[in-house]
Visitor: 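Pasting a structure below so you can have a look.
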Amino acid sequence: MTLAMDILPDVAEALAGGAPVVALESTIISHGMPYPQNVETAKQVEDTVREEGATPATIAVIDGRLKIGLSEADLNRLATAGLRDVMKLTRANLAQCMAAGGTGSTTVAATMIAAHRAGIEVFATGGIGGVHRGAETTFDISADLQELAKTPVAVVCAGAKAILDIPKTLEVLETLGVPVITYGQSGFPAFWSRASGLTSPMTADDPMVIARAWGAQRALGLEAGCLVANPIPEEDEIAPDIINPIIEQALADADTQKMTHGAVTPFVLQRVFELTEGASLTANIALVLNNARLAAKIAGQLAKQPHFR
Ligand code: PSU
Ligand code: MN
């Protein structure tokens with residue numbers, strides 16, 4: 001059986017020529033942001049990648065086909081469809097969605113699988129899934145973490161959201177052998193805030209150094225991905241003492257409304273958006289663009305130094 005995968009012509013051309021390509025996820029479009037900011041941001045992220053000299057490839061499943069690079073019509077469809085019409089795809093349901101001819105947006109886990117299949121090594125997103133608070137009773141640990149352990153793609157994110165248990169998330173990443181490198185500061189960032197209070201396992205001040213580490217990891221034959229944590233720009237951050245009580249409230253609401261499985265993260269993000277009167281979204285957009293820029297720089301370094309591959 002052949003893989004039902006379509007690579008946009010400019011992405012295919014870049015890959016064939018060894019030019020830098022950056023993968024982008026689509027759950028952030030369908031489940032992570034409201035319309036119309038979701039589609040505006042998706043386009044801005046692609047433009048930012050291009051401005052930095054790389055080719056963007058936003059990934060999703062459209063009518064059963066794995067799309068590496070989305071047309072404007074596909075982007076609009078994901079941005080405007082209701083949550084019931086777009087599946088949230090991870091490792092477990094990706095193949096089934098394709099077989100059924102379905103349409104779904106890819107989380108970090110599913111985007112990594114697709115990117116690797118297409119030959120893309122660098123991927124930019126906002127935040128990864130992680131170990132949820134209370135995981136000791138719910139066992140809610142995002143499949144993103146397992147994926148980082150077994151699929152060789154470098155994922156640039158803004159750290160882990162404080163809706164997660166950040167210390168446990170870092171512990172699991174360590175157990176799984178996933179390198180965690182923070183860009184430009186020693187502390188691991190917490191998505192909306194630059195500081196989580198935790199020290200990052202590793203730090204790098206230069207995209208070239210991150211590219212080198214990635215090359216060395218690949219040369220060793222390690223199958224893992226790599227997590228690059230890029231702190232939100234100072235002017236865009238929301239201070240922990242402002243965001244933390246709001247997160248507590250949003251988590252309590254998720255509990256009251258008995259949210260489980262894949263519904264938890266989108267619900268909490270939406271509640272934080274409401275409770276911050278939109279400020280969380282403004283920060284979210286800024287950090288995604290910031291991550292796209294860094295990912296393009298890392299991809300550029302990798303393309304310049306093919307011996308790292
Ligand atoms: N964090 C965000 N926005 C998002 C997500 C995370 O700020 O849209 C999405 C990503 O696609 C991530 C997924 O991979 O949520 C994790 O979902 P879960 O916690 O259900 O594994
Ligand atoms: Mn979960």
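Side chains included, hydrogens not; waters and symmetry mates left out as well; all remaining heavy atoms used. Small disclaimer: the values here were computed from a predicted structure and weren't measured. Both counts, for ligands and for their atoms, begin at 1 and track the order of listing.
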Visitor: Report yes if the side chains of Leu294 and Asn290 come closer than 4.5 Å at any heavy-atom pair, otherwise no.
Guide: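 Heavy-atom side-chain distance check fails, nothing below 4.5 Å.
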Visitor: Run the numbers for me: atoms of ligand 1, each under 4.0 Å from some heavy atom of Lys88, listed by number.
Guide: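 Under 4.0 Å from Lys88, ligand 1 has these atoms: 17 (O), 18 (P), 20 (O).
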Visitor: Polar contacts were defined as any N/O atom of the residue lying under 3.5 Å from an N/O atom of the ligand; does this apply to Lys161 and ligand 1?
Guide: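 Looking only at distances, the answer is yes, because the N/O contact criterion of under 3.5 Å is met.
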Visitor: Could you pull out, from Thr90, Asp144, Val108, the option with a heavy atom nearest to atom 16 (C) of ligand 1?
Guide: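 Comparing heavy atoms across Thr90, Asp144, Val108, the nearest one to atom 16 (C) of ligand 1 lies in Asp144.
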Visitor: Indicate yes or no: at least one non-hydrogen side-chain atom of Pro266 is less than 4.5 angstrom from one of Lys88.
Guide: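 With C-beta onward as the side chain, the pair touches.
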Visitor: Are any of the N/O atoms on Ser142, whether in the backbone or the side chain, positioned under 3.5 angstrom from an N/O atom of ligand 1?
Guide: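 Yes, Ser142 has an N/O under 3.5 Å of an N/O on ligand 1.
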Visitor: At a 4.0 Å threshold, what atoms of ligand 1 neighbour a non-hydrogen atom of His132?
Guide: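 Counting from 1, the qualifying ligand atoms are 19 (O).
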Visitor: Could you tell me whether the side chain of Asn230 and the main chain of Cys157 form a donor-acceptor pair under 3.5 Å?
Guide: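 Not at all, since once roles are kept as given, no pair shorter than 3.5 Å links the two residues.
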Visitor: Tell me the contacting part of Thr265 for ligand 1: side chain, backbone, both, or neither, using a 4.0 Å heavy-atom threshold, strictly below.
Guide: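 Side chain only.
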Visitor: Is it the case that the side chain of Thr103 and the backbone of Val86 share a donor-acceptor pair, with hydrogens and angles ignored and the cut-off at 3.5 Å?
Guide: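 No: the side chain of Thr103 does not pair with the backbone of Val86.
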Visitor: Counting heavy atoms only, which of Gly126, Gly32, Gly127 is nearest atom 5 (C) of ligand 1?
Guide: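 The option holding the nearest heavy atom is Gly127.
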Visitor: With nothing but distance in play, are any N or O atoms of Phe191 less than 3.5 Å from an N or O of ligand 1?
Guide: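 N/O-N/O distance under 3.5 Å: no.
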Visitor: May I ask you to list the atoms of ligand 1 that are less than 4.0 angstrom from any heavy atom of Glu25?
Guide: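 Within the 4.0 Å cut-off of Glu25, ligand 1 contributes 10 (C), 11 (O).
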Visitor: Side-chain contact test, heavy atoms from C-beta onward, threshold under 4.5 Å: evaluate it for Glu147 versus Thr107 and give yes or no.
Guide: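 A side-chain contact is absent here, since even the closest heavy-atom pair is not under 4.5 Å.
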Visitor: Within the 4.0 Å heavy-atom shell around Ile28, which atoms of ligand 1 are there?
Guide: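 Answer for ligand 1: 8 (O).
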Visitor: Would you say the side-chain atoms of Asp165 pair up with the backbone N or O of Arg133, donor to acceptor, closer than 3.5 Å?
Guide: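 Flag not set: sc Asp165 to bb Arg133 has no pair under 3.5 Å.
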Visitor: Can you confirm whether Ser200 sits close enough to Val180 that some side-chain heavy atom of one is under 4.5 Å from a side-chain heavy atom of the other?
Guide: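 Yes. Closest side-chain heavy atoms under 4.5 Å.
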Visitor: If we ignore hydrogens and angles and just use 3.5 Å, is the side chain of Asn76 paired with the main-chain N or O of Ala73 as donor and acceptor?
Guide: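 Here the side-chain-to-backbone pair does not exist.
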Visitor: Are Val108 and Phe123 close enough that some pair of their side-chain heavy atoms sits under 4.5 Å apart?
Guide: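 In contact.
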Visitor: Applying a 4.0 Å heavy-atom criterion (strictly less than), which segment of Leu269 is in contact with ligand 1: side chain, backbone, both, or neither?
Guide: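 Side chain only.
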Visitor: Heavy-atom contact under 4.0 Å between Met33 and ligand 1?
Guide: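 No, Met33 has no heavy atoms under 4.0 Å from ligand 1.
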Visitor: Check for me, please, whether Ile238 and Ile163 land in the same ILVMFWY cluster - side-chain distances under 4.5 Å, paths through other members count.
Guide: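 Cluster IDs for Ile238 and Ile163 match.
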Visitor: Would you say ligand 1 has an N or O under 3.5 Å from any N or O of His31?
Guide: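 Between His31 and ligand 1, no N or O pair is found under 3.5 Å apart.
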Visitor: Got the closest protein heavy atom to atom 9 (C) of ligand 1, with its distance?
Guide: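 Looking at atom 9 (C) of ligand 1, the protein heavy atom closest to it is Thr27 CG2, 4.0 Å.
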Visitor: For Ile128 and ligand 1, answer yes if some heavy atom of the residue is under 4.0 Å from a ligand atom, otherwise no.
Guide: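 Distance cut 4.0 Å: Ile128 fails for ligand 1.
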Visitor: Close to the Mn ion (ligand 2), meaning under 2.8 Å, how many protein N, O or S atoms are there?
Guide: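 For the Mn ion (ligand 2), the figure is 1.
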Visitor: Hey, does Lys168 have a side-chain heavy atom less than 4.5 Å from the side chain of Glu136?
Guide: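 Heavy-atom side-chain distance check passes, below 4.5 Å.
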Visitor: Within the structure provided, determine whether Thr125 and Thr111 are in side-chain contact (heavy-atom separation under 4.5 Å).
Guide: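 The answer is no, as the side chains (C-beta and beyond) never meet within the 4.5 Å cut-off.
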Visitor: Would Gln37 and Thr41 satisfy side chain to side chain donor-acceptor pair (under 3.5 Å), going step by step from the backbone distance to the final call?
Guide: CA-CA 6 Å; Gln37 289 94 337; Thr41 303; over 6 Å; no
